[in-house]
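First the structure, in the form of structure tokens, and then the observations on it.
Nothing here was measured: the structure is a model prediction, and the numbers come from that model.
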Amino acid sequence: MEAKVMEACGVAFIDEDEQLTGKSGVFIKKYEHGAPFICGISNLEEALKRIAEGAAMLRNMHGGSGSNTFTGHYQTIQDEIKALAAKTDDERKEYATKNNVPLGLVNQVVQLKRLPVPFFADADIVLPVDVAMAMDIGYDGVIVSAGAFTVANPERRMRSLVMAAIHYKNPRRIAAISEDCT
């Protein structure tokens with residue numbers, strides 16, 4: 001019901017809270033809604049299940065702050081994708097059946113060597129260096145922490161975070177951006 005109300009309010013997307021849905025084991029049937037969903041995940045099995053349910057975007061699971069959380073989740077998923085790619089066709093079919101996910105989705109992930117939907121870092125990101133690190137390891141974007149709005153100049157901080165996402169491959173630029181955002 002919450003998703004229907006949010007959709008009626010015209011939200012841009014719905015963040016399915018894994019803290020609530022994960023405990024019950026009941027996840028929203030996302031294809032029944034017009035608004036796209038972003039869902040938290042911490043491993044490949046969760047990612048495949050949320051995508052199969054209709055998630056348009058994924059983010060790393062809450063549960064900590066800083067780069068250790070988002071780097072760990074990203075690496076776990078990449079390692080699981082590599083392990084899945086090393087399996088035979090029959091083993092992939094068994095994996096899909098065991099985890100109740102479409103075989104076509106499993107094969108798509110193996111072919112792409114990544115998730116087929118945007119994957120965002122979400123771990124109390126408030127600094128340009130964290131944005132640059134998330135982008136550099138392979139995330140498609142970041143979800144900025146509300147804490148970034150509590151600094152002395154939130155507009156300057158937001159600009160620095162956007163610039164860090166654009167220039168993440170340039171350490172000198174990131175250093176300059178970081179100095180300018182304080």
Side-chain angles (χ1 to χ4, degrees), residues 12-19 22 36-87 92 95 99 101 105-151 154 156-182:
F13 66 89
I14 299 170
D15 187 351
E16 184 175 45
D17 188 343
E18 68 278 355
Q19 299 298 320
F37 278 77
I38 184 168
C39 301
I41 52 113
S42 59
N43 59 49
L44 182 58
E45 178 187 346
E46 290 173 1
L48 294 171
K49 287 181 178 183
R50 299 300 81 82
I51 295 167
E53 293 165 356
M57 300 172 275
L58 299 172
R59 60 174 169 72
N60 66 286
M61 189 83 78
H62 295 301
S65 63
S67 61
N68 287 341
T69 300
F70 68 77
T71 57
H73 286 154
Y74 189 87
Q75 192 58 53
T76 295
I77 290 167
Q78 287 306 114
D79 290 347
E80 290 172 332
I81 290 171
K82 287 176 187 168
L84 197 56
K87 292 181 182 293
R92 280 192 218 132
Y95 175 91
N99 292 298
V101 295
L105 180 57
V106 169
N107 289 332
Q108 182 182 23
V109 166
V110 168
Q111 180 183 13
L112 295 172
K113 298 179 183 162
R114 58 162 285 136
L115 298 171
V117 299
F119 187 27
F120 291 82
D122 181 14
D124 291 335
I125 293 173
V126 296
L127 299 172
V129 69
D130 289 333
V131 171
M133 185 186 307
M135 299 301 292
D136 191 52
I137 65 172
Y139 279 99
D140 298 304
V142 298
I143 297 173
V144 175
S145 170
F149 295 96
T150 63
V151 298
R156 180 183 284 169
R157 178 62 59 95
M158 289 302 115
R159 270 196 229 112
S160 72
L161 298 176
V162 170
M163 295 305 290
I166 294 168
H167 300 287
Y168 71 92
K169 291 185 183 265
N170 185 335
R172 288 185 191 271
R173 188 77 187 258
I174 297 303
I177 290 166
S178 296
E179 283 182 16
D180 188 47
C181 83
T182 55

Once you round to the nearest 0.5 Å, how far does [atom1] of [X] lie from [atom2] of [Y]?
X: Q75; Y: Q78; atom1: CD; atom2: CD; answer: 7.0 Å
X: R114; Y: Q108; atom1: CZ; atom2: CD; answer: 10.5 Å
X: L161; Y: I177; atom1: CG; atom2: CD1; answer: 9.5 Å

Taking all non-hydrogen atoms of both residues, which atom of [X] and which atom of [Y] are closest, and how far apart?
X: L105; Y: A52; value: CD2-N, 4.0 Å
X: A164; Y: P128; value: CB-O, 3.4 Å
X: V144; Y: A148; value: CG1-CB, 3.5 Å
X: V126; Y: G147; value: CG1-C, 3.9 Å
X: L115; Y: A47; value: CD2-CB, 3.8 Å
X: H73; Y: N60; value: ND1-CB, 3.3 Å

* Asked: Can you name the residues that form a side-chain contact (heavy atoms from CB on, under 4.5 Å) with N170, not counting sequence neighbours?
  ->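 So N170 forms a side-chain contact (heavy atoms from CB on, under 4.5 Å) with R172, R173.
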* Between F120 and Y139, does the ring centre distance come in under 6.0 Å? ->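 Between Y139 and F120, which both carry aromatic rings, the centre distance is not below 6.0 Å.
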* To do: Decide yes or no on side-chain contact (heavy atoms from CB on, under 4.5 Å) for I38 and I143, but give the supporting numbers first.
  => CA-CA 11 Å; I38 184 168; I143 297 173; 3.7 Å; yes
[X] vs [Y] side-chain heavy atoms within contact, under 4.5 Å:
X: V109; Y: P116; answer: yes
X: V106; Y: R92; answer: yes
X: D122; Y: V142; answer: no

* Give the C-alpha distance, both sets of side-chain angles, the deciding distance and a yes or no for side-chain contact (heavy atoms from CB on, under 4.5 Å) between R157 and F149. => CA-CA 8 Å; R157 178 62 59 95; F149 295 96; over 6 Å; no
* Asked: For E46, which of L48, L44, N43 qualifies under side chain to side chain contact (heavy atoms under 4.5 Å, CB included)?
  ->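 When side chain to side chain contact (heavy atoms under 4.5 Å, CB included) is applied between E46 and each of L48, L44, N43, only N43 qualifies.
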* Is there a side-chain contact (heavy atoms from CB on, under 4.5 Å) between Y95 and E45 once you walk through the steps? -> CA-CA 9 Å; Y95 175 91; E45 178 187 346; 4.1 Å; yes
* Consider only side-chain N and O atoms of N107 and Q111, and report whether a donor and an acceptor are under 3.5 Å apart. =>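 Their side chains do not contain a donor-acceptor pair, so the 3.5 Å distance test is not met.
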* Asked: Is there a donor-acceptor contact under 3.5 Å from the side chain of D136 to the main chain of A132?
  ->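 Checked: no pair found.
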* To do: Run the salt-bridge test on D140 and R59 with the 4.0 Å N-O cut-off and return the result as yes or no.
  =>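 Result for this pair is no, no salt bridge flagged.
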* Kindly indicate, with the supporting measurements, whether the criterion side-chain contact (heavy atoms from CB on, under 4.5 Å) is fulfilled by L58 and I51. => CA-CA 8 Å; L58 299 172; I51 295 167; 3.9 Å; yes
